[in-house]
Structure formats: C-alpha cells, structure tokens
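First the structure, in the form of structure tokens, and then the observations on it.
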Amino acid sequence: MFENLSERLSGVFDRLTRQGALSEEDVKTALREVRVALLEADVSLPVARDFIKAVQDKATGQAVTKSVTPGQQVVKIVHDALVGVLKGDGDPGALKIDNPPAPILMVGLQGGGKTTTTAKLAKRLKEREGKRVLMASLDVNRPAAMEQLAILGVQIGVDTLPIVKGEDPVQIAKRAKTQAALGGYDVYMLDTAGRLSIDEELMEQVKAVRDVANPRETLLVVDGLTGQDAVHTAENFDARIGITGVVLTRMDGDGRGGAALSMRAVTGKPIRFVGLGEKMDALETFEPERIAGRILG
Ligand code: GDP
C-alpha cells in the first residue's frame with residue numbers, strides 16, 4: 001500500500017556520487033520524503049517536524065559511505081533516530097513488582113483492550129516469571145466486563161477476585177489488596193472501568209482507586225490504531241492519574257505505528273508492551289527497532 005521509503009529516496013539521491021558528503025540541500029530534499037512517510041504513518045505534525053529538524057542537523061555533512069547508497073544512508077540515520085526516540089530507559093517488559101503483593105493499575109478507555117491486556121499480562125507474569133497473580137475488575141457499571149475478566153481468568157488459570165454486587169470500585173480495590181495479601185499473591189491487577197471518552201467522573205474514580213492501591217505500575221492501554229486520539233488519551237491520563245507506561249493494542253492491524261512515536265515524544269512515558277491479536281499469548285514487549293521499521297514502511 002505504501003511506497004517504501006528507500007525506494008522513494010533513491011530517486012532523490014540519483015545525482016549524488018558515492019563520494020563526498022551529504023549536502024544540506026540533498027538532506028533537506030530527502031527529509032521531505034521522510035516527513036511524508038511519518039505523516040502517512042500517523043505521526044503528529046509537530047512531532048514529525050521536531051524529529052525531522054533533529055535528523056537534519058545530524059545528517060548534514062556526514063560523509064557518504066561507499067557500501068550503501070546515500071538514500072540508504074539517510075534511511076539508516078532516520079531509523080536510528082526513530083529508535084532513539086522510541087526507546088525508553090531499561091527493559092520495557094521489566095515491571096516493578098517486587099514487595100508482594102504488588103499492585104498494577106490498568107487504565108484506559110472502553111474498547112481499547114484493557115481487560116484483554118490485563119489477562120494477557122497476568123498470563124505472562126504467571127508463565128514467564130512464576131508469579132501468583134490475582135485479577136480484579138472494577139467496572140461496576142458493566143457486569144459483562146466483570147464477567148469477561150472472570151472467564152479469561154479461568155481460561156488462563158489465573159484467579160480473579162470474586163464478584164460482590166453493590167460494591168464501588170474503591171471497595172473492590174481494598175478487597176483485592178486484602179485478598180492478595182492474605183492469599184499470598186505476588187501481584188494483584190486492578191482492571192479499572194473504561195468509558196467511551198475521557199470524563200470527569202471516570203478520572204475521579206480512577207484517582208480514588210489509585211490512592212487506595214498505591215500502584216507500583218499504572219499501565220495505560222490504548223488502541224494503537226487510533227493515532228492522535230491515543231496520544232491525547234495518554235496525555236490526559238498521565239496528567240490526571242500519572243502513568244508508568246503504555247500498552248499499544250491492535251498492533252497486529254494495518255496501522256503503521258506512528259502513534260508510538262508521538263506518544264513517546266509527547267508524554268515521555270515508555271511503551272512497555274504491544275498487543276498483537278485477541279489470543280491470550282498475543283502480547284509482546286515493545287521493540288523500538290520493529291516499530292521504527294514499520295513507521296518507515
Ligand atoms: P476494554 O473495553 O478496554 O476492556 O477492551 P477489551 O479488552 O474488551 O477489548 C475489546 C476488543 O478488542 C476485544 O474483542 C478484544 O479481543 C480486542 N483486542 C484487544 N487487544 C487486541 C489486540 O492487540 N489485537 C486485536 N486484533 N484485538 C484486540
């Protein structure tokens with residue numbers, strides 16, 4: 001569907017010999033193509049602009065190496081710069097879950113994949129790290145969502161907090177905490193309620209839960225296909241709740257993943273995992289190289 005960036009750039013650099021250095025004009029021309037590629041990949045305009053500027057300063061004057069074409073060289077410079085922005089500090093998959101029972105707060109909008117991701121992550125922690133995990137749904141307005149988590153729990157062999165009718169999210173969070181301590185769990189995951197859009201009531205509710213649970217990790221789950229909306233959601237949740245990382249779902253879809261770059265550049269928060277399907281195993285730690293390659297097409 002998209003034209004490969006290397007192909008696009010080869011035309012730009014046709015006249016450049018393989019000796020000498022990348023001139024400012026050549027780099028500028030090439031980066032115009034890169035900018036189009038970024039925008040097509042759903043990177044926001046201001047982020048694309050800042051990124052291009054940084055790369056331009058870096059690329060201009062670089063000696064043209066003999067082993068690759070100037071076009072390939074610019075693609076490599078751009079690729080490395082993308083990885084630089086996308087990469088967080090340390091291992092994205094290493095969650096702070098020492099001092100049991102460690103609370104993990106899962107937040108996000110309805111339909112973003114929060115409940116599915118809660119279960120996927122619980123399975124991962126159980127299988128890869130041998131953790132005993134307790135999951136609790138706080139979505140009191142949507143009994144179906146609470147049941148969904150219970151069903152997934154049975155499916156993956158992870159306990160869920162029994163559903164008690166009439167409790168509010170804070171009461172459920174407190175019960176989860178007590179149950180996790182009494183039951184000898186390593187981790188308890190709180191799957192908070194989602195709404196179709198950000199509203200005051202939702203934020204107040206999540207904040208109250210956060211204050212009770214004092215989570216070690218607060219992971220925002222967002223649909224990676226929603227581009228700028230995902231970035232706005234992340235900004236909002238981070239400002240109001242304070243997040244420690246992002247999970248981008250639906251990265252198995254057609255999207256080019258530009259939201260990842262904007263998200264990182266705008267919020268500064270690391271992307272920890274990506275969802276790659278509906279199955280319980282379809283969760284992987286975030287790999288900047290892979291997304292960078294995908295953004296460049
Ligand atoms: P919630 O409302 O945020 O809890 O969203 P759900 O966890 O119920 O997910 C909504 C739908 O998205 C479900 O049908 C999930 O199976 C699906 N889903 C979640 N994550 C992914 C993903 O990474 N890829 C795909 N293709 N579907 C996903």
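When a ligand or atom number is given, it counts from 1 through the structure's own listing order.
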- Message: What I want to find out is whether E129 reaches R124 closely enough, with some N-O distance under 4.0 Å, to be called a salt bridge.
- Response: no

- What residue and atom, counting heavy atoms only, is the protein's closest point to atom 24 (N) of ligand 1, and at what distance? D252 OD1, 2.9 Å

- Message: If the threshold is 4.0 Å, N to carboxylate O, is there a salt bridge linking D139 and R142?
- Response: yes

- For atom 18 (N) of ligand 1, the protein heavy atom that lies nearest, with its residue and separation: R250 NH2, 4.1 Å

- Considering distance alone, does some N or O of T249 sit under 3.5 Å from an N or O of ligand 1? no

- Message: Heavy-atom distances under 4.0 Å decide this one: backbone, side chain, both or neither, for L276 against ligand 1?
- Response: backbone

- Item | Shortest protein heavy-atom distance from atom 5 (O) of ligand 1, along with the residue and atom involved | G113 N, 3.1 Å

- Message: Side chain or backbone, does G277 bring an N or O within less than 3.5 Å of an N or O on ligand 1?
- Response: yes

- Does A282 come within less than 4.0 Å of ligand 1, judged by its heavy atoms? no

- Message: Any nitrogen or oxygen of G112, side chain or backbone, less than 3.5 Å from one on ligand 1?
- Response: yes

- With a 4.0 Å heavy-atom cut-off (strictly under), which part of K120 contacts ligand 1: side chain, backbone, both or neither? side chain

- Message: Residue-level breakdown please: for M251 versus ligand 1, do any non-hydrogen atoms fall below 4.0 Å on the side chain, on the backbone, on both, or on neither?
- Response: neither

- Pairing of K120 and E284 as salt bridge, 4.0 angstrom limit: no

- Query: Just checking, is any N or O donor in the side chain of T60 or E24 under 3.5 Å from an acceptor N or O on the other one?
  - Reply: no

- Query: Going from CG on L82 to CD1 on I291, what distance comes out if it is rounded to the nearest 0.5 angstrom?
  - Reply: 10.5 Å

- Query: Near L109, which atoms of ligand 1 are under 4.0 Å from a heavy atom of that residue?
  - Reply: 3 (O)

- Atom indices of ligand 1 within 4.0 angstrom of R142 heavy atoms, with elements: 2 (O)

- Message: For T116, which part has a heavy atom under 4.0 Å from ligand 1: side chain, backbone, both, or neither?
- Response: both

- Query: Is K269 reaching over with its side chain to a backbone N or O of I243, donor-acceptor style, under 3.5 angstrom?
  - Reply: yes

- Filtering R195, E278, E284, M106 for the heavy atom nearest atom 16 (O) of ligand 1 leaves E278

- Item | Any donor-acceptor N/O pair, T226 side chain to V222 backbone, under 3.5 Å | no

- Note on the structure: Near G275 (heavy-atom distance under 4.0 Å), the atoms of ligand 1 are 23 (O)

- Distance under 6.0 Å and angle within 45° of the ring axis: does R132 meet both against Y185? yes

- Message: Can a side-chain donor-acceptor contact be found between T249 and D223 if the only test is distance below 3.5 angstrom?
- Response: no

- Proximal atoms of ligand 1 relative to K114 (non-hydrogen, under 4.0 Å): 1 (P), 3 (O), 4 (O), 5 (O), 7 (O)

- Verify, without hydrogens or angle tests, whether R216 (side chain) and L105 (backbone) share a donor-acceptor contact under 3.5 angstrom. no

- Query: Using 4.0 Å as the upper bound for N to carboxylate O, is an ion pair formed by D80 and K76?
  - Reply: yes

- Item | Protein heavy atom at shortest distance from atom 8 (O) of ligand 1 | Q148 NE2, 3.2 Å

